[in-house]
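Right, one structure below, let's go through it.
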There are 2 protein chains.
Amino acid sequence: MRVVTGHLSHTLRADAQDNRERILDAARALFAAEGLRVPMREVARRAGVGPATLYRRFPTKQELVTEAFRDQLRACRTIVDEGLAHPDPWAGFCLVVEKTCELHARHLGFTEAFMAAYPDAMDFAAARAYSLKAVGELARRAKGADGLRPDFVLDDLILMIMANRGIHALSTAARVAASRRFAALVIQAFRASPEHAPLPPVPRLASL
Amino acid sequence: MRVVTGHLSHTLRADAQDNRERILDAARALFAAEGLRVPMREVARRAGVGPATLYRRFPTKQELVTEAFRDQLRACRTIVDEGLAHPDPWAGFCLVVEKTCELHARHLGFTEAFMAAYPDAMDFAAARAYSLKAVGELARRAKGADGLRPDFVLDDLILMIMANRGIHALSTAARVAASRRFAALVIQAFRASPEHAPLPPVPRLASL
DNA sequence: ACGCTAACGGACGCCCCCGTCCGCTTCGCC
DNA sequence: GGCGAAGCGGACGGGGGCGTCCGTTAGCGT
């Protein structure tokens, strides 16, 4: 009887460990290219293992997703940290917008996981809260002439990520390119300008 | 009096005609709120008819969708016509952006049908081509100082519609509100400005 | 009022995905 | 090299959507 220690740090047999890696590689590739709705069996097929093996390592899809996108979750924090560290807050803000759009464009499934797909995935919720808090601080600093428009609110960033998700191009390359242009347009929209009309109110999108 | 809608050659019996209407009502409501992936049976259930009746009237989902969104398809043309008719081309362009965003936000499934869901739905393809052509003309006129930025291309509009689709709020009301703010931001992004950096190239999105 | 037939919907078979069980294989420790 | 257990995957039952068939109902014309 093996006691699972919460973080399942017990050593796997060599072949099992190898299969685990290949499952994760397959999941990363498929989730990135086609989103989260790929069947579990297709992940297994691509990894060259049976369905049972997949379910043994990752009993629920949420666990597989969480593990597959661990790097992206870390990247998410890194992006906002770099934005905050930038000497020019507005430039830092722009960087956050660009990098975030690219990250989400490259990994289609990550957006779904990050936003709302698994409400009780604490890893994602925590990263989201951290990022939002950091961007909130960055936005506070970036507001002003030649910077972020004063009526920007955090929900606008949520809005942008949701909108960016809508870009379902056929290939990943096209999606990333489109997303890059989208980010540039978004930055233009967020830039303070003397001539902008008051924005319509935004509904509550994120509970934070 | 029994009026046969459109080009259906044979007159339907009164109860059949009634069922047809209720099927379309159900389809409109469900497609608008939840998109096109609602099962055919759920449409039938909501309409209070059996599956067979639904399939008898609309043998394929595409036919049901096309008929359900006939009004929106017409609205699509109306919107660009009104935009073209506006004395100020830039104001007309802004109107097109706002109205289009709202239309797509109100009818979630319409976007899918309009964009790419049914490649061989000639009605949608024709409306899309017409709209794009008209907007192209409108954009040509709207470019210039205090108007549309010169590096705007038609694919940017496609990009906007795709992005707008990404806004999946819980309720239709919230979605429409969010979409309204989104449209305002988009207009800001499209407005000519002395300080905008060159945009990254956009990949081919629409074959037109 | 009556009968013809359009119209209805329950039920069927098909396929795909899900999550699990179990008999066989193979790792790895002694 | 041998043995125990970790690990494997094929196979199974369940559920749901799909499109169709057919026995029954009820509109409507006479």
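Numbered from 1 within each chain, the chains take letters A, B, ... in sequence-line order.
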For Asn19(B) and dC8(C), is the shortest distance between a side-chain N/O and OP1 or OP2 below 4.0 Å?
yes
At under 4.0 Å between heavy atoms, what does Arg37(A) touch on the DNA or RNA strands: base, sugar-phosphate, or nothing?
nothing
How close or far is atom P of dC12(D) from atom OH of Tyr55(A), stated in whole angstroms?
18 Å
When every non-hydrogen atom of Leu199(B) is compared with those of Ala184(A), the smallest separation belongs to CD2-CB, 3.5 Å
How are the rings of Phe190(A) and Phe152(A) set relative to one another: parallel (under 30°), tilted (30 to 60°) or perpendicular (over 60°)?
perpendicular
Rounded to whole Å, CD of Gln62(B) lies from P of dG19(D) at a distance of 12 Å
What about Arg57(A), does its side chain sit under 3.5 Å from the base of dG7(D) through a donor-acceptor pair?
no
How far apart are the closest heavy atoms of Leu185(B) and Ala189(A), and which atoms are they?
O-CB, 3.1 Å
Could you state the CG-P distance from Asp15(B) to dA26(D), rounded to the nearest angstrom?
10 Å
Does Thr53(B) make a side-chain N or O approach to OP1 or OP2 of dG9(C) shorter than 4.0 Å?
yes
Tell me which pairs pass side-chain hydrogen bond (donor to acceptor under 3.5 Å, both in side chains) where either residue lies in residues 98-110 of chain B, with sequence neighbours left out.
Gln72(B)-His107(B), Glu82(B)-Lys99(B), Glu102(B)-Arg106(B), His104(B)-Thr111(B)
Considering the terminal five base pairs at each end of the helix from dA1(C)-dT30(D) to dC30(C)-dG1(D), what angle separates the two local helix axes, rounded to 10°?
10°
Determine whether the aromatic ring centres of residues Phe110(B) and Phe69(B) are separated by less than 6.0 angstrom.
yes
Identified side-chain contact (heavy atoms from CB on, under 4.5 Å) counterpart of Leu103(B) within the set Thr78(B), Ile161(B), Ile79(B):
Ile79(B)
Nearest whole angstrom, please: distance from the C1' of dG9(D) to the CE of Met40(A).
16 Å
Identify the two heavy atoms, one from Pro89(A) and one from Leu138(A), that lie closest to each other, and give their separation to 0.1 Å.
O-CD1, 3.6 Å
Is any side-chain N or O of Arg56(A) under 3.5 Å from a base N or O of dG19(C), one able to act as donor and the other as acceptor?
no
Round to the nearest Å and state the distance from Phe58(B) atom CZ to dG19(D) atom C1'.
16 Å
Nearest heavy atoms of Leu108(A) and Ala33(A), plus distance in Å:
CD2-O, 3.7 Å
Please determine whether any donor N or O and acceptor N or O are separated by less than 3.5 Å between the side chain of Arg13(B) and the base of dA7(C).
no
For Leu154(B) and Leu132(B), which heavy atoms make the closest approach, and how far apart are they?
CD1-O, 3.4 Å
Could you check which residues of residues 42-52 of chain A get a heavy atom under 4.0 Å from DNA chain D? Sort them by number, please.
Gly48(A), Val49(A), Gly50(A), Ala52(A)
